Colleague: 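This is the structure, below, for whatever I ask next.
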Amino acid sequence: GAGVSQSPSNKVTEKGKDVELRCDPISGHTALYWYRQSLGQGLEFLIYFQGNSAPDKSGLPSDRFSAERTGGSVSTLTIQRTQQEDSAVYLCASSPAPGNTEAFFGQGTRLTVV
Amino acid sequence: GEDVEQSLFLSVREGDSSVINCTYTDSSSTYLYWYKQEPGAGLQLLTYIFSNMDMKQDQRLTVLLNKKDKHLSLRIADTQTGDSAIYFCAERGRDDKIIFGKGTRLHILP
């Protein structure tokens with residue numbers, strides 16, 4: 001594809017509901033990252049996938065957050081029992097082979113929990 | 001764990017040079033980056049430097065890396081109104097995890 005694609009671009013959900021956010025990385029990119037950007041905050045690292053290795057989940061803020069990456073390509077970030085503090089822009093990035101320079105970002109999913 | 005720190009705001013007069021500073025903690029960083037985020041837009045890579053370099057120049061941009069002090073800076077010469085954005089410093093560790101700072105909002109004064 002032309003770039004990293006994220007869907008939906010906007011999501012409004014009620015507190016307590018589960019949400020799934022999708023990321024389609026650039027074809028052939030082995031590394032995939034999820035970040036969260038809250039209003040006025042920087043990019044908070046959430047999780048990192050590299051090829052077939054076990055993901056680095058060290059940034060997930062609670063056990064309500066999980067992510068998977070199927071077939072080394074598409075990734076889904078799931079937030080269970082959403083809370084208002086989960087409202088943020090969720091950004092996905094992908095990068096070619098390990099050690100490559102650039103991570104390419106998608107446009108993000110703006111999640112609003114009401 | 002890894003951490004990246006940068007000041008949150010910088011105001012510069014149009015035509016002057018802007019210098020944005022960043023410190024990081026991971027001594028095994030391989031690459032260090034500057035990303036730019038304009039209002040309502042996504043993140044774009046502005047420039048990067050490999051950890052065995054101490055300087056990189058690209059047109060109006062100069063990146064300086066002091067590996068001993070784990071200090072990175074971005075200098076923008078002849079700052080223009082179009083440079084108004086949030087600038088994120090980031091470091092890539094040997095495990096390829098990329099950690100970002102909170103971003104520096106650059107405001108251009110007329």
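Below, chain A is the first sequence line, B the second, and so on; all start at residue 1. None of the values given here were measured: they were computed from a predicted structure.
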Colleague: Under 6.0 Å between ring centres, would you say that holds for Y33(B) and F105(A)?
Modeller: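 So the answer is no for these two rings.
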Colleague: Step through the shown structure and confirm whether more than 12 heavy atoms of other residues, nucleotides or ligands are within 6.0 Å of CG on N52(A).
Modeller: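 No - once you tally the heavy atoms of other residues, nucleotides and ligands closer than 6.0 Å, there are 12 at most.
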Colleague: Measure distances from Q37(A) to the heavy atoms of chain B and classify the residue's part below 4.5 Å as side chain, backbone, both or neither.
Modeller: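 For Q37(A), side-chain heavy atoms alone lie under 4.5 Å from chain B.
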Colleague: Which of residues 44-68 of chain B have a heavy atom under 4.5 Å from any heavy atom of chain A?
Modeller: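 So the qualifying residues are L45(B), Y48(B).
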Colleague: List in chain and number order the residues that pass side-chain hydrogen bond (donor to acceptor under 3.5 Å, both in side chains) with R94(B), two or more places apart in sequence or in another chain; answer none if no residue qualifies.
Modeller: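 Applying side-chain hydrogen bond (donor to acceptor under 3.5 Å, both in side chains) to R94(B) gives none.
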Colleague: Between L21(A) and W34(A), is any pair of side-chain heavy atoms under 4.5 Å apart?
Modeller: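 With C-beta onward as the side chain, the pair touches.
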Colleague: Answer yes or no: is there a side-chain heavy-atom contact under 4.5 Å between W34(B) and C22(B)?
Modeller: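 They are in contact (side-chain heavy atoms under 4.5 Å apart), so the answer is yes.
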Colleague: Return yes when atom CD of E85(A) has more than 12 non-hydrogen atoms of other residues, nucleotides or ligands closer than 6.0 Å, and no otherwise.
Modeller: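 Yes, enclosed.
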Colleague: Is there a donor-acceptor pair closer than 3.5 Å between any side-chain N or O of Y90(A) and the backbone N or O of Q6(A)?
Modeller: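 Looks like no, no N/O pair under 3.5 Å.
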Colleague: Quick one: does Q83(A)'s side chain get under 4.5 Å of K15(A)'s, heavy atoms only?
Modeller: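 Heavy-atom side-chain distance check passes, below 4.5 Å.
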Colleague: What verdict does the side-chain contact (heavy atoms from CB on, under 4.5 Å) test give for L111(A) and I79(A), after you've listed the backbone C-alpha separation in whole Å, the side-chain angles of each residue and the deciding distance to 0.1 Å?
Modeller: CA-CA 11 Å; L111(A) 175 67; I79(A) 309 172; 3.8 Å; yes
Colleague: Is any side-chain heavy atom of T109(A) closer than 4.5 Å to a side-chain heavy atom of L77(A)?
Modeller: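 No. Closest side-chain heavy atoms not under 4.5 Å.
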Colleague: With a 4.5 angstrom heavy-atom cut-off, which part of S53(A) approaches chain B: side chain, backbone, both or neither?
Modeller: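 Neither the backbone nor the side chain of S53(A) comes within 4.5 Å of chain B.
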Colleague: May I ask you to list the residues in residues 79-91 of chain B that approach chain A closer than 4.5 angstrom, counting heavy atoms only, ordered by number?
Modeller: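 Within residues 79-91 of chain B, near chain A: F88(B).
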Colleague: Can you list every side-chain hydrogen bond (donor to acceptor under 3.5 Å, both in side chains) pair that touches residues 62-73 of chain A, not counting sequence neighbours?
Modeller: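 Those involving residues 62-73 of chain A are R64(A)-D86(A).
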Colleague: Based on non-hydrogen pairs under 4.5 Å, which of D95(B), V4(B), I99(B), I98(B) is most in contact with chain A?
Modeller: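 That would be I98(B).
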